[in-house]
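Quick notes on the structure that follows.
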Amino acid sequence: MAYSEKVIDHYSNPKNVGTLDKASKNVGTGLVGAPECGDVMRLQIEVDDATGIIKDAKFKTFGCGSAIASSSLATEWLKGKSIDVAATIDNMDIVEELNLPPVKIHCSVLAEDAIKAAINDYRKKNGLEELVFEEKGVH
Amino acid sequence: MLKLPVYLDNNATTPMDPRVLETMIPYFTEHFGNAASRNHPFGWEAEEAVDYAREQVAKLIGADPKEIIFTSGATEGDNLGIKGVYEMYAQKGNHIITANTEHKAVLDTCKHIEKSGGEVTYLSVQEDGLIDLKDLEAAIKPTTILIAIMYANNEIGVIQPVKEIAAIAKKHGVLFFTDATQAVGKIPVDVIKDGIDLMTFTGHKMYGPKGIGALYVRRKNPRVKVTAQMDGGGHERGMRSGTLNVPGIVGFGKACELCRLEMDQDTTRISKLRDKLETALLKLDEAYVNGNREHRLPHVSNISFKYVEGEGLLMGFNKNIALSSGSACTSASLEPSYVLKALGLGDDLAHSSLRFGLSRFTTEEQIDYTIEQISTTVLKLREMSPLWEMFKEGIDMNSIEWAHH
Ligand SMILES: Cc1ncc(COP(=O)(O)O)c(C=O)c1O
Ligand code: FES
């Protein structure tokens with residue numbers, strides 16, 4: 001299977017690889033997937049308390065090229081967005097942007113799940129109610 | 001001079017040796033005859049060529065030419081050998097013993113037999129990929145007619161104790177079939193010394209053409225017979241009907257001859273390269289060889305690089321280096337390699353594996369390049385891996401509640 005240009009680009013020059021202080025109150029961390037499934041994604045956001053805008057986003061991913069590209073793209077999209085808008089990012093947006101083939105859709109679902117998990121972690125830390133998302137069930 | 005791309009997926013298929021191609025070409029054009037045409041020179045030429053190739057093939061494995069049945073490849077040989085024995089010896093029993101690291105062509109054939117009323121025991125292998133001979137012997141019962149254990153495994157290269165298996169089979173009056181697809185042409189295989197009753201192998205894993213292979217069927221001590229699986233003109237002593245693939249057979253014969261003559265020198269060179277590759281890659285932290293390293297094909301290495309995922313790793317260099325991985329992400333089924341799992345490897349290690357298969361055409365420059373590329377990519381991906389970070393921080397990954405899906 002050949003990879004799309006955009007997947008290759010993100011894979012070769014991933015954006016925002018790294019770690020934020022997960023103990024910080026401003027940082028939300030989402031850790032999704034499982035080593036046994038061959039994919040683990042950790043996505044972190046740093047939120048500006050006053051504005052609710054995501055100031056920084058970082059990821060680390062154990063997974064295939066499409067999973068790495070999906071998380072790299074997600075961090076790019078997250079920066080500068082409010083957490084409410086960020087919560088509406090859909091995995092199909094990622095599929096479209098990266099031209100992922102059907103077998104790689106679950107890699108994008110993982111990225112969406114990681115975004116939501118990070119947002120909820122932030123909300124929980126800050127005494128906000130956690131958002132309820134409907135199951136994608138594409139895994 | 002470095003020649004790119006580097007091909008290290010020789011367990012999947014090998015390139016054809018140009019010397020093989022050369023011998024085949026006339027049999028597509030001038031000498032196009034049907035080897036079964038008895039009444040004119042076109043047929044005679046074809047038959048002569050087939051006879052010669054049959055000798056070349058037989059000689060490589062220490063067989064008599066009459067014991068060679070040409071097939072379309074190892075898959076067909078697995079089917080014909082196992083189903084053929086199952087049907088031919090139905091009077092004697094219906095039980096077959098095999099192992100859970102066999103190729104799908106064997107495992108699925110056995111599943112098929114189970115559906116049609118046969119009984120199959122699937123032996124588990126030990127951590128190093130070898131079967132336990134005591135388990136094997138204990139599995140034999142009065143209804144056992146066949147032991148089907150591969151010579152060498154296609155994913156990890158582990159060589160089974162074939163002689164010992166054969167001795168156990170003989171002691172209990174059971175036939176011994178072996179899928180020697182990965183072994184023939186690479187290491188000495190001798191059906192007499194090894195005590196093999198039936199054996200399948202294929203041209204395209206030994207620098208020959210695709211679509212041609214052979215089933216060895218012993219004619220003496222004991223005389224073995226298989227029931228044909230295709231009805232037709234009764235070619236190949238009635239065991240395999242169908243007009244012979246003369247150019248394929250000629251090429252297969254030549255490939256066998258080259259392997260026989262050049263095996264020693266090839267093995268010396270290739271095993272040095274394999275060892276160089278392995279030693280260098282094992283210098284990386286948390287890199288492990290899968291399978292027994294001593295009882296192993298000289299050109300194969302299977303290594304897990306913990307905390308990086310196989311497909312992601314391949315992507316770092318797969319424009320320039322052809323390899324395969326036991327990772328689920330590279331398979332359509334999204335299941336990691338069942339062979340690695342049979343060794344007791346956790347899914348995470350199975351996902352992190354690469355399989356290297358070197359060949360007659362692999363050069364030292366290519367190996368140096370591969371070492372450099374893989375080492376760089378592993379380090380780069382580990383910087384990106386949350387699991388590596390946890391490992392470095394000493395976090396117990398089993399303590400985390402993963403969201404399995
Ligand atoms: C051990 C083993 N058996 C059987 C086969 C199938 O061989 P063929 O492609 O000739 O049918 C292979 C090749 O993938 C193999 O490695
Ligand atoms: S992480 Fe397995 S296919 Fe993408």
Side-chain angles (χ1 to χ4, degrees), chain A residues 1-4 7-20 22 29-44 58-72 75 100-107 109-110 113-114 116-117 135-139, chain B residues 286 304-319 325-337 340-341 345-353 376-393 395-405:
Chain A
M1 181 187 22
Y3 298 96
S4 73
V7 170
I8 294 171
D9 192 43
H10 275 285
Y11 174 88
S12 314
N13 304 295
K15 311 294 175 337
N16 310 309
V17 175
T19 308
L20 299 171
K22 70 168 180 278
T29 300
L31 180 67
V32 297
E36 300 88 86
C37 306
D39 36 35
V40 174
M41 206 177 270
R42 191 192 63 200
L43 205 141
Q44 296 183 298
K58 297 273 185 214
F59 84 91
K60 282 202 177 185
T61 291
F62 163 82
C64 73
S66 304
I68 290 171
S70 297
S71 34
S72 166
T75 53
L100 297 182
V103 290
K104 294 295 177 184
I105 289 180
H106 78 271
C107 316
V109 173
L110 209 60
D113 288 351
K116 290 170 171 171
E135 274 285 326
K136 284 268 164 170
V138 193
H139 293 282
Chain B
E286 298 294 308
S304 285
F305 302 92
K306 232 176 157 179
Y307 312 118
V308 294
E309 190 280 320
E311 187 188 350
L313 182 53
L314 286 179
M315 193 177 161
F317 42 77
N318 63 4
K319 259 201 234 138
S325 166
S327 156
C329 304
T330 58
S331 78
S333 69
L334 293 179
E335 280 297 319
S337 152
L340 296 180
K341 290 186 70 178
L345 244 67
D347 278 357
D348 51 340
L349 273 171
H351 280 291
S352 300
S353 70
T376 315
T377 312
V378 168
L379 295 180
K380 177 181 156 182
L381 290 185
R382 280 183 174 165
E383 283 312 306
M384 254 190 253
S385 166
L387 302 179
W388 179 250
E389 186 182 302
M390 290 175 197
F391 166 71
K392 281 289 169 188
E393 288 173 356
I395 296 172
D396 174 11
M397 275 166 247
N398 296 322
S399 71
I400 295 175
E401 248 186 69
W402 299 104
H404 294 263
H405 44 267

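Here is the naming used below: chain letters follow the sequence lines, and residue numbers restart at 1 for every chain.
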Atom pair CD/OG1 of B:E309 and A:T61 - distance to nearest 0.5 Å: 11.0 Å
Would a 4.5 Å heavy-atom cut-off, applied to side chains only, mark B:M315 and A:V7 as touching? yes
Rounded distance [0.5 Å steps], OH in A:Y11 versus CE in B:M384: 6.5 Å
Whether B:K306 engages the ring of A:F62 as a cation-pi pair (distance to the six-membered ring centre under 6.0 angstrom, angle to the ring normal within 45°) should be assessed. no
Name the option with the most non-hydrogen atom pairs under 4.5 Å to chain A; the candidates are B:G312, B:P386, B:S385. B:P386
Distance check, rounded to the nearest 0.5 Å: A:T19 atom OG1 versus B:E393 atom CD? 7.5 Å
Would you please test B:M397 and A:V40 for side chain to side chain contact (heavy atoms under 4.5 Å, CB included) and show each step? CA-CA 12 Å; B:M397 275 166 247; A:V40 174; over 6 Å; no
Toward chain A, the part of B:I400 with a non-hydrogen atom under 4.5 Å: side chain
Do you know the tightest heavy-atom contact between A:C64 and B:E311? CB-OE1, 3.5 Å
